[in-house]
2 protein chains.
Amino acid sequence: MAKRVATVEPTDQCCPSLLASPLDSTQAAELAGGFMALADPVRLRVLSILAAAPDGEVCVCEFVGPLCKSQPTISHHLKILSEAGLVVGDRRGKWVWYSLNRERLADLQGALQPVG
Amino acid sequence: MAKRVATVEPTDQCCPSLLASPLDSTQAAELAGGFMALADPVRLRVLSILAAAPDGEVCVCEFVGPLCKSQPTISHHLKILSEAGLVVGDRRGKWVWYSLNRERLADLQGALQPVG
DNA sequence: TCGATGCATCGACACTCGTTGATGTTATGG
DNA sequence: CCATAACATCAACGAGTGTCGATGCATCGA
């Protein structure tokens with residue numbers, strides 16, 4: 001039971017915390033890039049659908065209907081999410097299956113840590 | 001060891017979790033509005049400066065120098081952060097002191113909760 | 001090999017966003 | 001009352017973003 005809270009190493013993450021100390025321009029730009037990927041309703045819904053998928057992955061064509069967007073638009077958003085490191089795509093045959101990168105999501109969450 | 005994951009009540013927050021279930025358009029738009037406020041380097045630096053301030057509040061004029069932006073630009077970003085509920089301004093005489101709304105920040109963080 | 005399917009890319013459009021100088025508003029001090 | 005200072009708002013510009021139809025590319029089935 002001892003050292004239950006001391007086992008993790010939160011300082012090991014890539015994203016600096018917002019609340020630890022003032023960010024410089026470089027750190028701020030990098031963090032802003034991550035949040036920019038989250039700053040769109042369609043992309044948030046893509047992430048939530050991925051998170052709720054039983055197998056943890058969803059085919060591109062399965063986004064088009066529920067999100068009421070054209071296929072190029074979905075592809076566009078998936079590219080942005082992919083470049084932000086939030087999702088990864090895996091081509092299998094004609095289909096591309098996307099899944100969540102929960103570590104990256106946790107990184108962004110850590111940057112918002114309300115003071116440990 | 002039983003019911004170890006059932007102790008917390010994440011549904012008590014205002015922001016729906018990204019990872020709980022698929023978001024509808026309204027929820028996604030609201031969440032996206034919050035992250036949009038975070039999706040700018042200047043605004044992230046504003047927040048980090050506020051978080052690191054000893055008194056928890058910073059005068060508008062104190063942002064202009066460190067951030068290398070004009071006064072109208074700083075005022076513009078503070079307005080966006082204010083409308084997003086992330087900061088609050090308090091006018092005292094000629095000065096306006098801004099402080100962090102850590103609850104709102106925690107709400108957005110909660111939406112990124114990587115599954116309890 | 002050929003047509004069909006799934007996905008990415010391109011081109012173009014309307015719209016939003018970040019920025020700044022100029023101006024307006026509010027409060028202080030003489 | 002007037003000058004000054006701090007902050008907000010306005011007008012305008014360039015740059016970026018979301019969207020979609022058209023097109024290209026790869027894969028599968030016949």
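The analysis underlying the following values was restricted to heavy atoms, covering all of them including side chains, and did not include hydrogens, waters or symmetry mates. Lettering of chains follows the sequences in order, A, B, ..., and the numbering in each one begins at 1.
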Worksheet item: Reckon A:K69 has a side-chain N or O less than 4.0 Å from the OP1 or OP2 of D:dG18?
Response: no
Worksheet item: Heavy atom of residues 45-52 of chain A under 4.0 Å from DNA chain D: which residues?
Response: none
Discussion item. Please evaluate residues A:V96 and A:D90 with respect to the criterion side-chain contact (heavy atoms from CB on, under 4.5 Å), reporting the C-alpha separation (whole Å), side-chain torsions for both, the decisive distance (0.1 Å), and the verdict.
Written reply: CA-CA 5 Å; A:V96 177; A:D90 180 28; 6.0 Å; no
Worksheet item: Who else is in A:W95's hydrophobic cluster (ILVMFWY, side-chain heavy atoms under 4.5 Å, direct or via others)?
Response: A:W97
Practice prompt. Starting from B:I80, walk the hydrophobic network (Ile, Leu, Val, Met, Phe, Trp, Tyr; side-chain heavy atoms closer than 4.5 Å) and list everyone else you reach, by chain and number.
Written response: none
Just list the side-chain donor-acceptor pairs under 3.5 Å for residues 51-66 of chain A, sequence neighbours left out, or say none.
{"residue": "A:E57", "atom": "OE1", "partner": "A:R92", "partner atom": "NH2", "Å": "3.4"}
{"residue": "A:E57", "atom": "OE2", "partner": "A:R92", "partner atom": "NH2", "Å": "2.5"}
{"residue": "A:E62", "atom": "OE2", "partner": "A:C59", "partner atom": "N", "Å": "3.4"}

Worksheet item: Can any side-chain N or O of A:R91 pair as donor or acceptor with the backbone N or O of A:G93 at less than 3.5 Å?
Response: yes
Item to complete: Report the residues that fulfil side-chain contact (heavy atoms from CB on, under 4.5 Å) with B:S75, sequence neighbours left out, ordered by chain and then residue number.
Response: B:Q71
Discussion item. Please report the distance, rounded to the nearest Å, between CD1 in B:I80 and C1' in D:dA8.
Written reply: 14 Å
Worksheet item: Given Watson-Crick or G-U pairs with both distances under 3.5 Å, what dot-bracket string fits DNA chain C, with | for other-strand pairs and [ ] for crossing?
Response: ||||||||||||||||||||||||||||||
Item to complete: Could you pull out all residues at least two apart from B:S70 that satisfy side-chain hydrogen bond (donor to acceptor under 3.5 Å, both in side chains)?
Response: B:T73
Worksheet item: Of the residues in residues 34-42 of chain A, which ones touch DNA chain D at a heavy-atom distance under 4.0 Å?
Response: A:M36, A:D40, A:V42
Worksheet item: Any side-chain heavy atom of B:N101 within less than 4.5 Å of one from B:L86?
Response: no
Worksheet entry | Check: A:F35 and A:L112 side chains under 4.5 Å, non-hydrogen atoms | yes
Practice prompt. Return each pair, listed once, that meets side-chain hydrogen bond (donor to acceptor under 3.5 Å, both in side chains) where at least one residue sits in residues 76-89 of chain A; pairs must be two or more places apart or across chains.
Written response: A:R43-A:H77
Worksheet item: Run the side-chain contact (heavy atoms from CB on, under 4.5 Å) check on B:L31 and A:L38 step by step: do they pass?
Response: CA-CA 9 Å; B:L31 249 187; A:L38 297 174; over 6 Å; no
Response to the item:
To the nearest 0.5 Å, atom CD1 of B:I49 lies from atom CG of B:L44 at 11.0 Å
Dump every N/O contact between nucleotides 7-11 of chain C and the protein below 3.5 Å, one line per pair.
{"residue": "C:dC7", "atom": "OP1", "partner": "A:V60", "partner atom": "N", "Å": "3.3"}
{"residue": "C:dC7", "atom": "OP1", "partner": "A:V96", "partner atom": "N", "Å": "3.4"}
{"residue": "C:dC7", "atom": "OP2", "partner": "A:C61", "partner atom": "N", "Å": "2.8"}
{"residue": "C:dA8", "atom": "OP1", "partner": "A:Y98", "partner atom": "OH", "Å": "2.7"}
{"residue": "C:dA8", "atom": "OP2", "partner": "A:S75", "partner atom": "OG", "Å": "2.3"}
{"residue": "C:dA8", "atom": "O5'", "partner": "A:S75", "partner atom": "OG", "Å": "3.2"}
{"residue": "C:dA8", "atom": "N7", "partner": "A:Q71", "partner atom": "NE2", "Å": "2.8"}
{"residue": "C:dA8", "atom": "N6", "partner": "A:Q71", "partner atom": "OE1", "Å": "3.3"}

Let me have the donor-acceptor pairs involving side chains of residues 20-29 of chain B, under 3.5 Å, with sequence neighbours excluded, atom names and distances please.
{"residue": "B:D24", "atom": "OD1", "partner": "B:T26", "partner atom": "N", "Å": "3.0"}
{"residue": "B:D24", "atom": "OD1", "partner": "B:Q27", "partner atom": "N", "Å": "2.8"}
{"residue": "B:S25", "atom": "OG", "partner": "A:R45", "partner atom": "NH1", "Å": "3.1"}
{"residue": "B:Q27", "atom": "OE1", "partner": "B:D24", "partner atom": "N", "Å": "3.2"}

Worksheet item: B:R92 near the nucleic acid: base, sugar-phosphate alone, or nothing, with a heavy-atom cut-off under 4.0 Å?
Response: nothing
Worksheet item: Atom CG of A:L67 and atom C1' of D:dT19: how far apart are they, to the nearest Å?
Response: 14 Å
